Amino acid sequence: MLCITRMLLLRCPLPLLLLLLPLDSRPQKLPTRDEELFQMQIRDKAFFHDSSVIPDGAEISSYLFRDTPKRYFFVVEEDNTPLAVTVTPCDAPLEWKLSVQELPEEASGEGSGDPEPLEQQKQQITNEEGTELFSYKGNDVEYFVSSSSPSGLYQLDLLSTEKDTHFKVYATTTPESDQPYPELPYDPRIDVTSLGRTTVTLAWKPSPTASLLRQPIQYCIVINKEHNFKSLCAVEAKLSSDDAFMMAPKPGLDFSPFDFAHFGFPADNNSGKERGFLKSSKFGRQMSPKPRVDLHRVCIGNKNIFTVSDLKPDTQYYFDMFAVNTNTNMSTAYVGTFARTKEEAKQKTVELKDGKVTDVFIKRKGAKFLRFAPVSSHQKVTFSVHSCLDAVQIQVRRDGKLLLSQSVEGVRQFQLRGKAKAKYLIRLKGSKKGASMLKILATSRPNKQSFPSLPEDTRIKAFDKLRTCSSVTVAWLGTQERNKFCIYKREVDDNYNEEQKKREQNQCLGPDTRKKSEKVLCKYFHSQNIQKAVTTETIRGLQPGKSYLLDVYVIGHGGHSVKYQSKLVKTRKFC
């Protein structure tokens with residue numbers, strides 16, 4: 001039992017402490033504590049703020065400056081008192097020592113009756129060196145436990161020789177009944193039950209605190225690429241001040257909310273919006289912003305199997321699990337583990353032939369690798385890419401050096417400086433929306449161009465004022481290069497919408513896939529003055545009040561065609 005109630009307080013005047021000591025050696029029953037008073041005092045956080053007094057049964061957090069020792073006190077009033085002290089280092093190893101010395105048998109006052117100041121009492125009592133009970137040096141969570149401790153003044157001395165650091169201390173005289181830390185199962189290891197290229201499945205045995213004592217326990221997983229952690233306090237110290245616990249995933253969904261730019265995946269130009277679902281967490285004194293670390297944590301409730309996904313292939317990760325008592329917010333660490341994800345499956349590389357168009361299909365979020373090795377010396381290399389659906393990403397490396405990284409939508413042409421005996425590796429990455437299709441041509445001969453040139457704007461414009469019951473007039477842009485243009489029409493339902501039109505926007509499907517009855521006409525067109533490179537055409541023979549989908553194809557010298565953006569038009573119903 002600590003000084004009066006359940007408090008480890010040196011704020012009690014020394015004469016009062018001495019009056020409370022037993023006056024004879026007869027066995028005595030340990031005093032009961034005033035639980036209501038204890039709870040009231042624990043709730044009063046200001047009572048212990050920046051104090052050298054340790055409260056009984058409550059965990060305190062504090063800060064150590066490097067090479068500056070700190071001392072804490074508490075009084076155990078009676079002999080044969082159970083005692084447990086737990087010290088948790090956060091971001092640096094600690095040296096700590098617990099010692100005890102007897103209380104003087106007589107008060108040191110001079111009969112005035114006034115209690116002496118607290119600091120003077122401590123000075124009088126601690127002039128003599130106490131008996132050392134326990135000492136430790138390291139960064140483990142360490143305990144001192146005794147079922148029968150002597151009465152006296154207890155001193156806890158702490159020192160950090162590496163750097164300024166946070167730490168936590170918990171002391172209690174009722175360790176059997178308190179049990180604020182979740183208990184670990186008989187096998188506290190985390191098992192890796194499944195391992196893939198981008199996923200790791202973990203399983204662990206539940207804490208007896210949850211399964212037997214029915215106390216509210218949740219599990220928090222920490223993932224990083226550096227090392228395992230021995231306490232949740234160490235994790236908090238490592239994270240930047242803007243990080244906090246992630247929200248638990250929705251029921252039925254496993255965890256996959258990381259911003260994995262930190263795990264090796266490229267950011268999607270929104271790195272400034274990092275993990276918007278995180279709340280702010282601040283501890284200790286304010287710190288300057290730190291570079292974001294590859295460290296993430298998530299609390300997943302009380303389930304004991306979990307899959308971490310979207311990891312980087314062939315990469316070692318460290319996994320730590322903490323059982324957290326949600327009533328006390330105190331935690332216990334399982335034995336951490338680590339695992340290396342499997343290697344990425346080797347991609348088959350497609351060889352490109354000089355001047356020949358190659359069709360490429362890419363799965364959703366997938367990638368394809370192509371290789372181009374000109375057989376002769378060359379000054380320039382031209383890559384022409386025609387993306388049939390959504391935009392694709394293209395990267396070109398020459399002998400390992402990155403020369404080009406672009407997003408391609410429609411038709412694009414890239415001309416790069418050549419190098420004797422050079423080899424080019426092309427990486428094509430598909431869309432996140434769905435599968436991608438494209439055509440690519442590589443050539444070292446500048447005159448070998450299979451793709452037709454296109455204007456920047458490939459829309460078809462319809463003139464509403466020239467619309468009649470049987471005809472519509474449209475216009476589109478051309479280029480300075482003389483090309484063949486073919487226009488096709490197809491009647492569609494009145495409820496045909498933009499979403500249906502978008503699904504049919506495969507620009508790589510040429511006129512050979514259309515019915516002959518849908519063909520309107522073909523003509524050649526170009527203009528040396530790019531400002532005047534525009535042509536118009538009136539489509540006749542249409543039905544009143546009907547909707548039509550119009551397509552314009554431009555056909556290059558090599559026979560390859562590119563479709564302009566489709567245009568939905570409707571004739572007048574009454575004329």
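Note that the structure is predicted; figures quoted are calculated from it, not measured.
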Which atom names give the shortest non-hydrogen contact between [X] and [Y], and what distance separates them?
| X | Y | result |
| --- | --- | --- |
| Lys532 | Phe525 | O-CZ, 4.5 Å |
| Thr479 | Pro455 | CG2-N, 3.6 Å |
| Lys312 | Tyr317 | N-OH, 2.9 Å |
| Ala422 | Pro374 | O-CD, 3.6 Å |
| Ile530 | Gly478 | CD1-O, 4.3 Å |
| Tyr488 | Lys515 | CE2-O, 4.0 Å |

Face-on cation placement of Lys461 at Phe463 ring, 6.0 Å and 45° thresholds: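 Here Lys461 passes the 6.0 Å and 45° test against Phe463.
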
Ionic contact status for [Y] with [X], cut-off 4.0 Å:
| X | Y | result |
| --- | --- | --- |
| Glu351 | Arg371 | yes |
| Asp314 | Arg340 | yes |
| Lys489 | Asp551 | no |
| Asp354 | Arg445 | yes |

Would you say the side chain of [Y] lies within less than 4.5 Å of the side chain of [X], judging by non-hydrogen atoms?
| X | Y | value |
| --- | --- | --- |
| Tyr548 | Leu542 | yes |
| Gln406 | Phe383 | no |
| Phe414 | Thr382 | no |

Heavy-atom neighbours of Lys573 NZ exceed 12 at 6.0 Å: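 At most 12 heavy atoms, drawn from other residues, nucleotides or ligands, come within 6.0 Å of this atom.
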
Ignoring hydrogens and angles, write down the donor-acceptor pairs under 3.5 Å from the side chains of residues 464-476, residues two or more places apart or on other chains.
unit_1 : atom_1 : unit_2 : atom_2 : d
Asp464 : OD1    : Arg467 : NE     : 3.1
Asp464 : OD1    : Arg467 : NH2    : 3.2
Arg467 : NH1    : Lys570 : O      : 2.8
Thr468 : OG1    : Ser470 : N      : 3.2
Thr468 : OG1    : Ser471 : N      : 2.9
Thr468 : OG1    : Ser471 : O      : 3.4
Thr468 : OG1    : Ser471 : OG     : 2.7
Thr473 : OG1    : Thr538 : OG1    : 3.0

Aromatic ring pairing Phe338/Tyr318, orientation class (parallel under 30°, perpendicular over 60°, tilted between):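 Because their plane-to-plane angle lies in the 30° to 60° range, the rings of Phe338 and Tyr318 count as tilted.
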
Residue pairs passing the disulfide bond (SG atoms under 2.5 Å apart) test where at least one lies in residues 517-552, sequence neighbours excluded: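 Sorted pair list: Cys486-Cys522.
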
Aromatic contact, Phe229 with His227 (centres under 6.0 Å):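 Ring centres of His227 and Phe229 closer than 6.0 Å.
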
Polar side-chain atom of Tyr424 near backbone of Leu370 as donor-acceptor pair, under 3.5 Å: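 Looks like no, no N/O pair under 3.5 Å.
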
Audit row: Leu438, Leu428, side-chain contact (heavy atoms from CB on, under 4.5 Å) steps and yes/no: CA-CA 10 Å; Leu438 58 95; Leu428 300 169; 3.7 Å; yes

Listing, residues 201-208 side-chain donor-acceptor contacts under 3.5 Å, not counting sequence neighbours, or none:
unit_1 : atom_1 : unit_2 : atom_2 : d
Thr201 : OG1    : Thr307 : OG1    : 2.9
Ser207 : OG     : Glu183 : O      : 2.5
Ser207 : OG     : Thr209 : N      : 3.2
Ser207 : OG     : Thr209 : OG1    : 3.4

